Protein chains: 2
Amino acid sequence: MKSNSTRKPDLSAQIAQAIRDAIMSGQMIVDERLPSEAELADQFQVSRPTVREALKRLAAQSLIRTERGAFGGAFVNRLSYEEAYSQQITTSTLLLSMNTVSFATACEARYALERACTRLASERRTPDHLAAMRAETHRQAQPGLSDECFCASDVAFHRALVDATDNPVLRYQLAGAVEAMQPLMNMITFTARSREEIVRLHNRIADAIEAQDPETASATLSELETYTLELGQNVMAERAQKRDSA
Amino acid sequence: MKSNSTRKPDLSAQIAQAIRDAIMSGQMIVDERLPSEAELADQFQVSRPTVREALKRLAAQSLIRTERGAFGGAFVNRLSYEEAYSQQITTSTLLLSMNTVSFATACEARYALERACTRLASERRTPDHLAAMRAETHRQAQPGLSDECFCASDVAFHRALVDATDNPVLRYQLAGAVEAMQPLMNMITFTARSREEIVRLHNRIADAIEAQDPETASATLSELETYTLELGQNVMAERAQKRDSA
DNA sequence: TTACTTTTAATTGTCTGACATTTAAGTTGC
DNA sequence: GCAACTTAAATGTCAGACAATTAAAAGTAA
């Protein structure tokens with residue numbers, strides 16, 4: 001009889017959903033104060049701890065913030081760009097690390113998204129953006145660089161490419177691809193890859209962006225995609241072989 | 001003296017962060033059971049309600065799930081694709097609706113991302129995908145359709161285009177761009193003439209995808225971007241005028 | 001033995017009531 | 001008028017209790 005999955009969510013979850021709906025439908029505006037915990041407990045006919053659990057759920061999603069003291073309380077929060085950016089990374093990281101998404105699929109998506117940036121980046125790149133990219137390729141070429149630093153620099157290079165579009169929404173949307181997928185790919189391929197080849201391709205991308213040539217930038221990104229995919233497949237094959245012999 | 005922003009986070013927030021770190025660093029694996037609330041209260045030297053608030057925070061982020069009964073408890077949750085998708089939409093919607101992101105910026109990002117899908121969609125579109133797109137353009141052409149339904153159909157059309165890439169990661173990453181734009185689009189599609197033009201462009205896009213012609217699809221998306229931007233600016237201008245005269 | 005029922009123990013869900021802490025506004029003293 | 005103190009309102013935290021749920025264990029009958 002019980003509807004299988006979730007017949008009855010917690011009271012705190014129900015209350016959280018009710019308030020969430022009110023906020024997201026625009027019934028409550030930013031910085032508006034919610035009723036006090038005691039008043040909410042009264043309205044929903046539950047105890048204060050239950051209300052508090054609901055409010056903590058909303059706080060975890062950055063939908064509200066709470067302030068202590070007289071005239072404090074819970075307020076509808078304006079989601080800051082930084083919070084959204086960081087949530088985007090968290091969710092993407094979890095999805096990639098815990099779900100069975102194939103390396104090839106993630107790779108394909110990541111480079112497709114990044115190629116979407118080349119036109120705007122070419123049009124708008126400033127000397128600062130170019131300098132940032134050059135700084136990273138230069139760092140990547142240093143022989144003594146640790147694997148961790150090389151990976152961090154790799155991420156920074158791609159972040160600089162996205163930043164060059166000068167579009168915060170695009171930057172936000174690509175956060176998952178750059179900050180979550182790139183490290184994942186680095187983890188898989190760092191044993192097998194040729195730094196030289198990667199630096200060469202990075203330099204070609206930077207050159208193309210500087211020359212305002214989005215086609216070449218996109219084509220080079222595609223080369224990088226092919227190379228990464230190849231490395232990933234080799235590593236996977238090796239791992240499979242080890243498993244068999246073990 | 002007080003470091004301005006957040007000198008001392010709540011205990012429940014601290015505990016949530018500690019557990020979050022443990023999960024995201026891989027110290028706890030999927031489906032692993034956390035200690036019971038009583039044990040956690042003991043470990044962290046706090047009361048059970050405080051522990052519960054921390055757990056609710058994590059549950060709100062889908063990091064854990066809880067089961068009741070003996071041998072129940074809190075378990076590290078495998079973030080499902082659907083949960084990630086829905087969180088992506090929630091965060092993007094909030095960012096777009098509550099922050100001062102210009103319509104032009106959002107529009108630019110959305111179409112740049114969508115053009116990133118045309119190549120894969122052209123290669124892989126199935127009859128089902130094509131049928132889905134045609135169904136929506138057909139619906140959009142019906143004269144009696146309400147604004148809400150038109151916009152919902154608009155979103156469905158673009159969703160079908162993304163689905164045609166047959167790449168779940170891409171689909172996830174684009175969820176924000178496609179679904180969260182709906183409220184913004186609601187403002188600009190209310191005249192018959194603009195609907196006509198939009199349907200015309202949608203049909204051209206579907207034609208191009210069917211003909212496996214990504215260049216035409218991309219170009220048409222760019223036309224749609226220009227047109228959408230124009231409509232948006234007109235709406236903004238009208239509103240400004242009304243504000244002045246009022 | 002097997003299948004069914006009952007009991008039991010562990011755990012989360014919820015409530016009550018209390019106290020501590022923080023903060024802004026009001027009040028008092030000078 | 002200004003500084004120090006008081007007060008009130010709110011969140012943060014705690015302790016203890018009971019209800020509800022659930023899987024395992026124990027018991028029971030065929």
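Chain identifiers are assigned alphabetically (A, B, ...) following the order of the sequence lines, protein sequences preceding nucleic acid strands; residue numbering begins at 1 within each chain. Keep in mind the model is a prediction, meaning the values are calculated, not measured.
When rounded to the nearest whole Å, the span between CZ of F71(A) and P of dA10(D) equals 8 Å. Taking atom CZ of F75(A) as the reference point, atom C1' of dA24(C) lies 12 Å away to the nearest angstrom. Look at CD on E67(A): it is 12 Å from C1' on dA24(C), rounded to the nearest Å. Taking atom CD1 on I15(B) and atom P on dC14(D), their separation rounds to 8 Å, with Å as the unit. The distance between atom CZ of F44(A) and atom C1' of dT14(C), rounded to the nearest whole Å, is 16 Å. Protein atom CZ of R48(B) is 13 Å distant from nucleotide atom P of dA15(D), rounded to whole Å. The nearest whole Å value for the distance from the CG atom in L55(A) to the P atom in dA10(D) is 14 Å. A straight line from CD of E37(A) to P of dC15(C) spans 14 Å, rounded to a whole angstrom.
Comparing P49(A) and G72(A), the nucleotide of DNA chain D nearest to each residue sits closer to the 5' end for G72(A). Of the two residues contacting DNA chain C, namely A70(A) and L11(A), the nearest-nucleotide position lying further toward the 5' end is that of L11(A).
E53(B) and K56(B) are not joined by a salt bridge, as no carboxylate oxygen comes within less than 4.0 angstrom of a charged side-chain nitrogen. Ion pairing of R171(B) with E108(A) is absent here, as no side-chain N (NZ or NE/NH1/NH2) approaches a carboxylate O to less than 4.0 Å. Taking a cutoff of 4.0 Å between a charged side-chain nitrogen and a carboxylate oxygen, R57(B) and D10(B) qualify as a salt bridge. Salt-bridge formation is not detected for the pair E225(B)/R110(B): no Lys NZ or Arg NE/NH1/NH2 atom is positioned less than 4.0 Å from an Asp or Glu carboxylate oxygen.
At least one side-chain nitrogen or oxygen of T66(A) sits closer than 4.0 Å to the OP1 or OP2 atom of dG12(D). In this structure, T50(B) does not reach the dG12(D) phosphate: none of its side-chain N or O atoms is under 4.0 Å from OP1 or OP2. Phosphate contact (OP1/OP2 of dA10(D), side-chain N/O of R33(A), threshold under 4.0 Å): present. Distances shown here put every side-chain N or O of R52(B) at or beyond 4.0 Å from the OP1 or OP2 atom of dT12(C).
Considering only side-chain atoms of R68(A), the nucleotide from dT21(C), dT14(C), dT12(C) that sits closest is dT21(C). Candidate nucleotides dT14(C), dA10(D), dT13(D) were compared by shortest atom distance to the side chain of E53(A), and dT14(C) ranks first.
For Q61(B), the side chain to side chain donor-acceptor pair (under 3.5 Å) partners are R20(B), not counting sequence neighbours.
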